[in-house]
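Scroll down for the structure; my scribbles are underneath it.
Order of appearance sets the numbers: ligands from 1, and atoms from 1 within every ligand. Note that the coordinates shown come from a computational prediction; the quantities given were computed from them, not determined experimentally.
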Amino acid sequence: MLEPLNNAQILGLAGQNATEEYDPVYPPGTLEEYLSNEDRRGTVDPNTLTREEAEKEEKSLEDRAPPLDSLLNLDEIEDVATKQLSRKAWAYYYSAGDDLISKRLNNEVYRSILLRPRIFVDCELCNPSTTIMGCKVGLPVFVSPAAMARLADAAGKAGIARACFRLTALQMISNNASMTPEQIIVKKSEDMLARRIAIPTIKFVCLTLDAPVPGKREDDERSKNVGSILPFTSAAQSGSASKATSGGIGKSLFAGTSPNLTWKNTMPWLAEHTKLPILLKAIQTHEDAYLASLHAPQVKGILLSNHGGRAADTAPPAIHTLLEIRKYCQAVLQKVEVLVDGGIKGEQMWSKPFSLGLGGSA
Ligand SMILES: Cc1cc2nc3c(=O)[nH]c(=O)nc-3n(C[C@H](O)[C@H](O)[C@H](O)COP(=O)(O)O)c2cc1C
């Protein structure tokens, strides 16, 4: 039987077109892999769709959006996306913790750092290629892990992968839609982790450490969300966390990562289960950056991040943490690779962290 839907839960969606609820949660191919031929009931008769659904079927997102190369910057792309996306997709993507203070500051802080352009520097042959976490990239840029890409477009993370391939940028893939770390930790899921890390294109494991509970994201909670009509909590920790039937996609589908991850227990557990390098995501103080550096070389990198302001509101922008590290424990920058994400829009922005000693930015 498919996880996490069981028979009773599937019945909760009976008689409705459940595509919108089902698609973003399950990877493509899940039905093909698990549903036996005799359990298939045929294809959907388009005449049974509501007008809204039928229109949606007819017009793909791409058809309705202006050509991508007519959009000049990320703000324009965001404006178009805001108009094109369904309300609930927009709310899930846009929302951040509480009053959005960290989310706004993430961006403002880059605007407030001014460039100091130097002259008479030969820039005829500029080469932005580098390595991030041991991977060769054409640009010092990566895509941070983000769940539910298929809420916006059927191409989902495969579409993001194609874009990264074209730019030779690096993609980190969120594990969120199907499993949580503590699901991995139980015996049967160790096999799953083993399967994933055996995929040769997966070069390192990124462990997100600032989501033991879902952030309080009001825009998401206000929207009539995918999760609220699903009779289950997918990818949620069984037992301890949110069983919310409302409360946005964030709360309904992702009840957070395991709350009992610690330096003492989790690092040896990881060493036992994978030889892949580890990137610790969501380092937000110089103290934790220093502790992470004590775990080098198992910890190959740290990602300074406040989850795009989606976890604890008023958590510091990555650039503040970077400045702390430079002030109090510079040696960290030599011991582990330091990456940043959050609020970076456009090339003037992403070049700034490099002046401060970074490996890559998202
Ligand atoms: C829609 C969305 C989903 C996200 N899902 C995850 C996730 O599953 N795992 C994770 O570690 N971070 C997740 N994040 C946080 C990102 O990895 C990253 O830290 C953040 O988006 C950086 O901020 P920015 O969006 O301003 O660049 C998500 C962010 C967004 C916007």
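For the residue pair Asp39/Ser36, the side-chain donor-acceptor check at 3.5 Å is satisfied. A side-chain N or O of Asn106 and one of Asn306 form a donor-acceptor pair less than 3.5 Å apart.
Side-chain heavy atoms closer than 4.5 Å link hydrophobic residues (I, L, V, M, F, W, Y) into clusters, and following such links, possibly through other members, connects Val141 to Ile113. Using a 4.5 Å cut-off between side-chain heavy atoms of Ile, Leu, Val, Met, Phe, Trp and Tyr, with links allowed through other members, Leu276 and Ile173 fall into different hydrophobic clusters.
Side chains of Asp99 and Arg104 form no contact here, defined as non-hydrogen atoms less than 4.5 Å apart.
Each of the following atoms of ligand 1 lies closer than 4.0 Å to a heavy atom of Gly343: 24 (P), 26 (O), 27 (O). For ligand 1, the atoms sitting less than 4.0 Å from at least one non-hydrogen atom of Thr208 are 10 (C), 11 (O), numbered in the order shown with element in parentheses. For ligand 1 and Ser305, the ligand atoms under 4.0 Å from any heavy atom of the residue are 19 (O). For ligand 1, the atoms lying closer than 4.0 Å to a non-hydrogen atom of Lys281 are 10 (C), 11 (O), 12 (N), 15 (C), 16 (C), 17 (O), 18 (C), 19 (O). Atom numbering of ligand 1 starts at 1 in the shown order; those under 4.0 Å from a heavy atom of Tyr92 are 1 (C), 3 (C). Distances below 4.0 Å separate heavy atoms of Gly342 from the following atoms of ligand 1: 22 (C), 23 (O), 24 (P), 26 (O), 27 (O).
A distance-only check finds a donor-acceptor pair linking the side chain of Arg310 to the backbone of Ser95 [under 3.5 Å].
When the salt bridge (charged side-chain N to carboxylate O under 4.0 Å, His left out) test is applied to Glu218, the partners found at least two apart in sequence or on another chain are Lys216, Arg222.
The N/O atoms of Ser174, backbone and side chain alike, include one that comes under 3.5 Å of an N/O atom in ligand 1. Backbone and side-chain nitrogen or oxygen atoms of Ile344 are examined, and none is located within less than 3.5 angstrom of a nitrogen or oxygen of ligand 1.
Within 6.0 Å of CZ in Arg166 there are 12 or fewer heavy atoms belonging to other residues, nucleotides or ligands.
One option in Gly308, Ala282, Pro145 has a heavy atom closer to atom 9 (N) of ligand 1 than any other, and that option is Pro145.
Heavy-atom distances between Asn106 and ligand 1 stay at or above 4.0 Å for every pair.
At a heavy-atom distance under 4.0 Å, only side-chain atoms of Arg310, from C-beta outward, approach ligand 1.
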